[in-house]
Amino acid sequence: MSEFSVHRKDMDEISVLNLDGYLDAHTAPSFEESLKQLVDEGRFKIIVNCDKLAYISSAGLGVFMGYIEDVRANNGDIKMSNMSEKVFKIFDLLGFPSLYEIVDEEGEAVDKFSNINS
Amino acid sequence: MSEFSVHRKDMDEISVLNLDGYLDAHTAPSFEESLKQLVDEGRFKIIVNCDKLAYISSAGLGVFMGYIEDVRANNGDIKMSNMSEKVFKIFDLLGFPSLYEIVDEEGEAVDKFSNINS
Amino acid sequence: MATKTKKFLLVTPSESDFLDIIRDFVGKIARSAGFSDDYVSKIQLSVDEACTNVIRHAYLGMKQKDIEIRVELNAKKLVVSVVDRGRGFKPESKHVDDMEAYLSEYRKGGLGLHLIKLLMDEVQFSIHPNKMNIITLVKYLDDKQTLGTKRNRKSILEKPHARKR
Amino acid sequence: MATKTKKFLLVTPSESDFLDIIRDFVGKIARSAGFSDDYVSKIQLSVDEACTNVIRHAYLGMKQKDIEIRVELNAKKLVVSVVDRGRGFKPESKHVDDMEAYLSEYRKGGLGLHLIKLLMDEVQFSIHPNKMNIITLVKYLDDKQTLGTKRNRKSILEKPHARKR
Ligand SMILES: Nc1ncnc2c1ncn2[C@@H]1O[C@H](COP(=O)(O)OP(=O)(O)O)[C@@H](O)[C@H]1O
Ligand SMILES: Nc1ncnc2c1ncn2[C@@H]1O[C@H](COP(=O)(O)OP(=O)(O)O)[C@@H](O)[C@H]1O
């Protein structure tokens, strides 16, 4: 079975989801559950830290697609950070960088959310 | 393919073979080659350091069996050290500790060879 | 590695639990063939996508069915066929022409076959509903794919990474 | 995991190059069944031994032959069958009765089947030379084997570790 876990960290208005392991059709529901939880709580400023994300398939990409519209309609965003070269290549291949903000470090994503607030 | 390598270190009369990885039917010939080389050079005081040995099958055990008689007939020995719990269990299951000296640390094996010399 | 073709077969239940077994199986064979890590990853992802489709679509989620992964390896290429005996589909109708339009629709799925076509050198379909449906993925062992050169982080779609808001 | 039986199949060429693929395949299934690391290792080693025998003995070293590994898993047990279509053998004639005598002869081989019998709960043979030879290995999923308790380093043969010289 694919190893995968999500760890959540709340900082004021912003929530960070740390993804760890293999995000495929088997583990996508667990990531989806975490995103849904945030949306249900009305927390729309979301950073997905991919530092420990070893792998992503289209089932994982679909989770991002499934929430972005709703989140943005609520004045929020899903930004991604700390992506490995390998994982970035897949996002890039599908043109996701034109739709999602992907930054090198989590801190940059925090700053971008803060700038919007100020 | 199974990953495996042998690194040799000579110290006076004693030679140490450091095994690294998976010792199975595919990689046993490489270990056998290293042992044969020592015997060909007349180096019979042999320590096999198993610190990085992750796995052993009977094909690997057979290599030890194939040289021990010859080595001992030449006043030498094959001693083993730094075995993980997992690898030791296999040696133990087959009763190898009654035939081979298996010590915790490489240094102990060196001492045992030196005591014989003095 | 000899020039003769080497054949492998893996059959697992059609459940997502076993995608990691499938990725490992294909990955180990691709690595033994000399593909660079980068290409091993591409092959693994493509096979994952094809198998995920079998799990999700071929048998409408029924778990007591099989996924069959056939691998043939020779000095020139690696060929992976993913076989199901489910309801089949029309591959030509599933084409994603315009990724930009796709993304703007915020669709959740439909990227698997597109990814496979981007990642593999050749993709063939042989569809016989409820008899045998085969998607065949081919990757050639040329120098480029075995050298393991590091690509730039430049978008192949040539767009800026950060979206303007 | 449901109580229904799940079936897996792996076929590779009969070459030692692919023993790691076989160990990984069986290891992942055993782990998914809930076996402790200790028991996963025992199952992997047993299957390696059975496959090594096929590679070395069944086809007299010919490489263009297959090894077939069938796995069946249910709530009670894991059953692995290693199948060859080679020359067969008489399993009962290969028994190692006395390990002490064995070791004193400094024999190089002949430990594989002995190990398998020590490591698995049940071992069955079905030999039909040049048709189909099957060694079936069974491990039960009882509490002991899934808890992963650490055993002592005490010899099961109850002998001192270091040999007197
Ligand atoms: N093996 C298959 N059996 C039946 N239908 C399939 C199969 N593979 C693909 N399809 C069909 O092709 C469509 C597109 O597949 P894909 O591009 O992987 O996206 P997704 O699986 O996310 O829908 C699927 O929605 C399904 O209708
Ligand atoms: N699949 C097989 N096909 C033919 N002969 C076999 C097979 N498995 C085992 N044997 C025979 O049984 C003997 C004992 O096997 P084993 O205990 O594994 O030791 P080893 O392989 O080191 O000889 C082998 O030497 C071989 O003659």
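Chain A is the first sequence line, chain B the second, and so forth, proteins listed ahead of strands; every chain is numbered from 1.
For residues 126-136 of chain D, the set of pairs meeting the salt bridge (Lys or Arg N to Asp or Glu O under 4.0 Å) definition, not counting sequence neighbours, is empty.
Sparse packing is recorded around NZ of C:Lys7, with 12 or fewer heavy atoms of other residues, nucleotides or ligands lying under 6.0 Å away.
A distance of 7.5 Å separates CD1 of C:Ile29 from CZ of D:Phe18, quoted to the nearest 0.5 Å. In this structure, C:Thr5 OG1 and D:Gln64 CD are separated by 9.0 Å, a value rounded to the nearest 0.5 Å.
Taking non-hydrogen atoms and a 4.5 Å limit, the residue list of residues 9-16 of chain C in contact with chain D, ordered by number, reads C:Leu9, C:Leu10, C:Val11, C:Thr12, C:Pro13, C:Glu15.
Contacts between D:Ile69 and chain C at a heavy-atom distance below 4.5 Å are absent for every atom of the residue.
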